[in-house]
Amino acid sequence: MKRDPQIVRKILLEMETSEVNHFEEKLAIRGVLCKADTEQGKQNRTRAEHIRWMMDEGLIGMVPGSDVHVRVTAKGCDFLDAVRNDKIWKRTLDKLKVVGGEASLDVIKSIASKILLSVIESGLNQ
């Protein structure tokens with residue numbers, strides 16, 4: 001399975017807007033959702049693997065003192081700040097097409113940040 005930055009972005013956006021952390025994330029961390037061969041099971045496996053990768057990258061982490069709640073970390077907030085805007089995100093994905101659409105999350109954040117900065121700077125020059 002390949003990491004899909006769109007899934008990473010989607011999960012972060014869901015977590016950011018949620019009052020409580022998703023129960024699925026608890027299950028995903030423990031690998032519980034990886035057993036079914038149904039379409040839902042495949043989606044759960046994909047989500048679970050992306051949750052693990054996001055934890056590896058430090059975008060999300062366990063809430064201190066809890067073994068069931070996950071939260072978006074400061075690094076995750078920074079990534080989301082760079083890619084939250086749909087227009088910035090689309091431009092970022094367009095730039096990635098030059099290299100086949102794949103890059104590390106750090107590179108994706110860097111590209112999105114540069115696009116965002118150029119938009120801000122062009123607005124300041126008006």
Side-chain angles (χ1 to χ4, degrees):
M1 174 184 314
K2 288 185 177 185
R3 183 173 57 192
D4 183 341
Q6 297 203 66
I7 294 173
V8 170
R9 179 179 180 258
K10 180 181 178 218
I11 292 170
L12 286 172
L13 286 168
E14 287 173 10
M15 290 182 71
E16 179 184 58
T17 59
S18 177
E19 290 280 329
V20 295
N21 292 300
H22 303 289
F23 182 63
E24 291 87 3
E25 303 341 331
K26 170 188 166 190
L27 297 177
I29 291 164
R30 295 190 177 151
V32 174
L33 294 177
C34 297
K35 297 185 179 169
D37 282 340
T38 64
E39 184 58 35
Q40 185 63 47
K42 291 175 187 171
Q43 290 173 6
N44 290 345
R45 265 196 314 278
T46 298
R47 184 177 178 92
E49 193 60 33
H50 280 77
I51 293 292
R52 287 187 205 93
W53 285 328
M54 291 167 68
M55 291 184 79
D56 291 345
E57 288 289 326
L59 300 176
I60 61 173
M62 300 301 292
V63 172
S66 172
D67 66 346
V68 295
H69 296 102
V70 289
R71 66 181 184 85
V72 180
T73 64
K75 185 175 179 178
C77 289
D78 289 345
F79 180 85
L80 193 53
D81 286 343
V83 301
R84 179 183 291 108
N85 180 281
D86 289 337
K87 290 179 183 175
I88 302 294
W89 181 241
K90 183 182 179 326
R91 287 177 62 186
T92 302
L93 294 177
D94 288 344
K95 295 270 186 200
L96 287 173
K97 287 179 186 174
V98 173
V99 293
E102 297 178 12
S104 71
L105 295 177
D106 286 337
V107 169
I108 292 169
K109 178 185 167 205
S110 178
I111 292 168
S113 295
K114 287 177 183 174
I115 293 169
L116 181 60
L117 184 59
S118 72
V119 169
I120 291 169
E121 288 174 343
S122 68
L124 293 175
N125 292 331
Q126 294 181 3

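Along the sequence shown, residues are numbered consecutively beginning with 1.
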Quick one: do Leu93 and Trp89 satisfy side-chain contact (heavy atoms from CB on, under 4.5 Å)? Show the steps, please.
CA-CA 6 Å; Leu93 294 177; Trp89 181 241; 3.4 Å; yes
Compare all side-chain heavy atoms of Glu57 with those of Val8 and state whether any distance is below 4.5 angstrom.
no
Take Ile11 and Ile51 through the side-chain contact (heavy atoms from CB on, under 4.5 Å) test and state the conclusion after the steps.
CA-CA 8 Å; Ile11 292 170; Ile51 293 292; 3.7 Å; yes
Single-linkage hydrophobic cluster Phe79~Leu117, side-chain heavy atoms < 4.5 angstrom:
no
Please collect all side-chain hydrogen bond (donor to acceptor under 3.5 Å, both in side chains) contacts where either partner lies in residues 92-101, sequence neighbours excluded, each pair once.
Lys90-Asp94, Asp94-Lys97
So do Ile60 and Arg71 actually touch side chain to side chain, heavy atoms under 4.5 Å?
no
For residues Ser118 and Arg91, determine if any side-chain heavy atom of one lies less than 4.5 Å from a side-chain heavy atom of the other.
yes
Contacts of Trp53 that satisfy ring pair (Phe, Tyr, Trp, His ring centres under 6.0 Å) - sequence neighbours left out
His50
For Leu13, all residues meeting side chain to side chain contact (heavy atoms under 4.5 Å, CB included), sequence neighbours excluded:
Arg9, Glu16, Leu80, Arg84
Derivation and outcome, salt bridge (charged side-chain N to carboxylate O under 4.0 Å, His left out), residues Glu49 and Arg45:
CA-CA 6 Å; Glu49 193 60 33; Arg45 265 196 314 278; over 6 Å; no
As an exercise, state the distance from CG of Asp81 to CG of Leu12, rounded to the nearest 0.5 Å.
10.5 Å
Name every donor-acceptor pair, under 3.5 Å, that has one atom in a side chain of residues 102-116 and the other anywhere in the protein, sequence neighbours excluded.
{"unit_1": "Glu102", "atom_1": "OE2", "unit_2": "Lys2", "atom_2": "NZ", "d": "2.8"}
{"unit_1": "Ser104", "atom_1": "OG", "unit_2": "Val107", "atom_2": "N", "d": "3.1"}
{"unit_1": "Ser113", "atom_1": "OG", "unit_2": "Lys109", "atom_2": "O", "d": "2.8"}

Summary of ring pair (Phe, Tyr, Trp, His ring centres under 6.0 Å) pairs that have at least one residue in residues 101-121, sequence neighbours excluded:
none
Thr73 side chain to Gly61 main-chain N or O, any donor-acceptor pair under 3.5 Å?
no
Check step by step if side-chain contact (heavy atoms from CB on, under 4.5 Å) holds for Met54 and Val70.
CA-CA 11 Å; Met54 291 167 68; Val70 289; over 6 Å; no
